[in-house]
*Asks:* 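Following this message is one structure expressed as structure tokens.
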Amino acid sequence: MQKVVTRFAPSPTGYLHIGGARTALFNWLLARKAGGVFILRIEDTDTKRNTPTAMQQVISDLKWLGIDWDEGPEADGPNGPYFQSQRKDIYDRYVRQLLDAGKAYYCFETQQELDAMRKQAEAQKKGFLYPRPDVFPTEANAEKARAEGKSVTVRFAMPDETIVVNDVVRGEVTFNGSELGDFIIQKSDGFPTYSFACVVDDALMKVTHVIRGQEHLMNTPGQQTLWKALELGELPKYAHMSVTISDSGGKLSKRERPKALRNAVKAKSGIDLDEVARIANITVDELNDFLRGKSTPDMPAVEAMARHLGVELPEINVVDFFKSGYLPEALVNFIALLGWSTGDKREIIPIEELIESFDLSRLTKSNSLFDRGKLVAFNTEHIKMLGQEKLRTHLRAYLGVIESPVASADDELLDRLIRICEGARTLADIERKCRFLFIADDEIQYDEKAVKKVLLKGDGLEMLKIVADKLAVMEQFAEEGIENMLRSLAEEKQVGLGKVAQPLRVAITGTTISPPIFDSVQMLGKENTLARIDITLKKFRTEN
RNA sequence: GGCCCCAUCGUCUAGGUAGGCCUAGGACACCGGGUUUUCAACCCGGCAACAGGGGUUCGAAUCCCCUUGGGGCUACCA
């Protein structure tokens, strides 16, 4: 039995998005399940779009998810190089082979000329197919064109035949070669196009299973035909997975984030556009173009504006989920169940079991919508079942990346925070709840609603004063002591514990949301607690 | 426009490849109740689907056709 070889082949044009992560995951899962090889291949043949930092992003995102590779960048392997930009001579050999066999031919149209031809076809409501010449241009023709500085590309002469793709998830899908057209296999800059490089590399790297999104289904007949024309041997098995759909309709894509920002800005009123433009470091004209949907600023600008305006952007890239406080274990579990299921009733599944259960035959045909609410539920479960050490490691990484003051806590403290925040849905929940412990007493931001409801309405402030006096005379400042004091006070006053705890909570945190009050007070310490109560009393007593 | 794919609760899905085991199961969300010092977590209960129309068959969520709806592709991007 042949060893299973799968691959993930991203083009490094930006962060790894959720769709790419899912493709990588399924390929990885299959390789791990079968004890095979998983390859990471970098498809950097588009010299205009690739950036070196983007590649690093993709690599670190994969690592964060826990997806490792046996061959590829940082790993090497027998079939390298794993950067397509370094394999040009290999592709050249295969292009040559096709040219010599009369299965490919030169063309000299410029991009503009092709656009014009396409427009014309469109005007006549016809699909555009490149008109194959009766006689292929010669080597001499190509030389001459090159010498004149003309654009020279190579096209594959697609045979006019019926092509059947045998897809693992879709069964037999039939195409007509004559409708596919002669696509370009070598660009005028000498680099191969995606379909060509992909075929050559998959063959040379001995890939046995190609798992990818449905968006590639239409590329497959061409690639399959190319594979045969190149005499590369047995075809890999193809599996075209369903696509992940956004709740706003359409394929989940990076355009979602600017779109969400634009809509949010439009919905708000009284926004200082000059200020926003300044923060995004773009001109007001550029901002207006963006709002009108004419252009899109780069991601840092979009993110800066969102932060400034307090707009929550939908997470699309893997790092977005990291920054929102999700666990990689939860994300992996969740996306694995988008278009795949175990067949039994398990849903919260650790990675080892995911590998164990993985089976290509259980891939779903229909597209699935990415439901963040369910992701949150998965995250909650994974926080509960992850061990203390792993959870702490994730928390620390998260705190670092969002530059939280909570990051200054040592391991012991972090473990306690995790413990008292039991039931948290995301790491962001924990951070939000515990942040008050790490800021100065006079930096507390008072939530208006909380102040009104807890302090100003009723006798919240009076109760707070009494609590303060009682805390002040406590010799030992331990949880039980604080609990006993608050409970007996509530009993004495014939009120629920909430009546005494809530004013205290608002005083020390500024909000009604915090870890259990006894822990909160104890951790803050006597001095700071009293100081905050004092500040609160001074600030709101006069206002009433 | 052309080509291709898909169609079960609001969402993710089980069931479809071997038609009766499905008065369609689970999970998330939602609603009601409980627990409670806040938020969350937790416990109990509830709502909710085979897109429509034709066939085939003793019998169809399951097979076939049409309609409708959704999605993908249609680059010298990958």
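Order of the sequence lines sets the chain letters (A, B, ...), proteins ahead of strands, with each chain counted from 1.
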*Asks:* Under a 3.5 Å limit for both distances, which nucleotide forms a Watson-Crick or G-U wobble pair with B/G45, could you say?
*Replies:* B/C31
*Asks:* Where the side chain of A/Thr153 is defined as all heavy atoms beyond and including C-beta, which of B/C76, B/U37, B/C77 is the nearest nucleotide?
*Replies:* B/C76
*Asks:* With a 4.0 Å cut-off on heavy atoms, is A/Glu43 in touch with a base, just the backbone sugar-phosphate, or nothing at all?
*Replies:* sugar-phosphate
*Asks:* Would you say A/Ser368 places a side-chain N or O within less than 4.0 Å of OP1 or OP2 belonging to B/U13?
*Replies:* yes
*Asks:* Are A/Lys251 and B/C73 close enough that a side-chain N or O sits under 4.0 Å from OP1 or OP2?
*Replies:* yes
*Asks:* Side chain of A/Thr364 only, please: which of B/U13, B/G25, B/C77 is the nearest?
*Replies:* B/U13
*Asks:* Which nucleotide, B/A78, B/U38, B/C39, lies nearest any side-chain atom of A/Lys433?
*Replies:* B/C39
*Asks:* Return yes if the base of B/G71 and the side-chain atoms of A/Gln214 contain a donor-acceptor N/O pair under 3.5 Å, otherwise no.
*Replies:* yes
*Asks:* Consider the side chain of A/Ile184, meaning its heavy atoms from C-beta on, and name the nucleotide among B/C39, B/C73, B/C76 that approaches it most closely.
*Replies:* B/C76
*Asks:* Could you give the distance separating B/C12 and B/G71 at their P atoms, to the nearest angstrom?
*Replies:* 13 Å
*Asks:* From C-beta outward on A/Ala377, which listed nucleotide comes closest to its side chain: B/C3, B/A29, B/U38?
*Replies:* B/A29
*Asks:* Give me the distance, rounded to whole Å, that separates B/C66 from B/U56 when you measure between the C1' atoms they each carry.
*Replies:* 15 Å
*Asks:* With both distances kept under 3.5 Å, what pairs with B/U38, Watson-Crick or G-U wobble?
*Replies:* none
*Asks:* Can you tell me whether the side chain of A/Thr110 and the base of B/C76 have a donor-acceptor pair closer than 3.5 Å?
*Replies:* no
*Asks:* Looking at the side chain of A/Arg170, which of B/C5, B/U37, B/G72 is the nearest nucleotide?
*Replies:* B/C5
*Asks:* If we count only N and O atoms by modelled type, under 3.5 Å, do the side chains of A/Thr511 and A/Arg505 hold a donor and an acceptor together?
*Replies:* no
*Asks:* Output yes when at least one side-chain N/O atom of A/Lys449 is less than 4.0 Å from OP1 or OP2 of B/U38, else no.
*Replies:* no
*Asks:* Which value, in whole Å, describes the distance between the P atoms of nucleotides B/U23 and B/C28?
*Replies:* 25 Å
*Asks:* For a quick check, tell me whether the side chain of A/Lys365 and the base of B/C6 share a donor-acceptor pair closer than 3.5 Å.
*Replies:* no
*Asks:* Between the side-chain atoms of A/Glu215 and the base atoms of B/G71, is any donor-acceptor pair under 3.5 Å?
*Replies:* no
*Asks:* Take A/Gly343 and A/Gly423, find for each the nucleotide of RNA chain B with the closest heavy atom, and name the residue whose nucleotide sits nearer the 5' end.
*Replies:* A/Gly343
*Asks:* Can you tell me, in whole Å, how much space there is between the C1' of B/U57 and that of B/A51?
*Replies:* 23 Å
*Asks:* Could you measure between the two P atoms, the one in B/G46 and the one in B/C5, and give it in whole Å?
*Replies:* 43 Å
*Asks:* Using distance alone, with no hydrogens and no angle criterion, decide if A/Gln84 and A/Arg87 have a side-chain donor and acceptor under 3.5 Å apart.
*Replies:* no
*Asks:* Quiz question: by atom type and distance under 3.5 Å, do the side chains of A/Asn27 and A/His209 form a donor-acceptor pair?
*Replies:* no
*Asks:* What's the closest nucleotide to the A/Thr193 side chain, out of B/C77, B/C6, B/C42?
*Replies:* B/C77
*Asks:* Starting the side chain at C-beta, find the nucleotide from B/A14, B/C5, B/A78 nearest to A/His216.
*Replies:* B/A78
*Asks:* Please pick, from B/C4, B/G15, B/A27, the nucleotide with the shortest atom-to-atom distance to any side-chain atom of A/Met218.
*Replies:* B/C4
*Asks:* Name the closest nucleotide to the A/Pro516 side chain, picking from B/U37, B/C28, B/C5.
*Replies:* B/U37
*Asks:* Can you tell me the base-pairing partner of B/A7? Count Watson-Crick or G-U wobble geometry only, both distances below 3.5 Å, and say none if there is no partner.
*Replies:* B/U68
*Asks:* Look at the side chain of A/Arg487 against the base of B/U37 and say whether a donor-acceptor pair falls under 3.5 Å; ignore hydrogens and angles.
*Replies:* no
*Asks:* With a 3.5 Å distance limit and no angle check, can you tell me whether A/Ser341 reaches the backbone of A/Leu337 through a side-chain donor-acceptor pair?
*Replies:* no
*Asks:* Could one point to a donor on the side chain of A/Ser188 or the base of B/C76 with an acceptor on the other under 3.5 Å away?
*Replies:* yes
*Asks:* Tell which nucleotide pairs with B/G16, taking only Watson-Crick or G-U wobble pairs whose two distances are both under 3.5 angstrom.
*Replies:* none
*Asks:* Mind checking the C1' distance from B/A7 to B/C50? Whole angstroms is fine.
*Replies:* 10 Å
*Asks:* If you assign A/Leu369 and A/Tyr194 each to the RNA chain B nucleotide with the nearest heavy atom, which residue ends up on the more 5' nucleotide?
*Replies:* A/Leu369
*Asks:* Any cation-pi pair here, A/Arg155 with A/Tyr130, using under 6.0 Å and within 45°?
*Replies:* yes
*Asks:* Check A/Gly222 against A/Met158 and note the closest heavy-atom contact, atom names and distance.
*Replies:* CA-CE, 3.6 Å
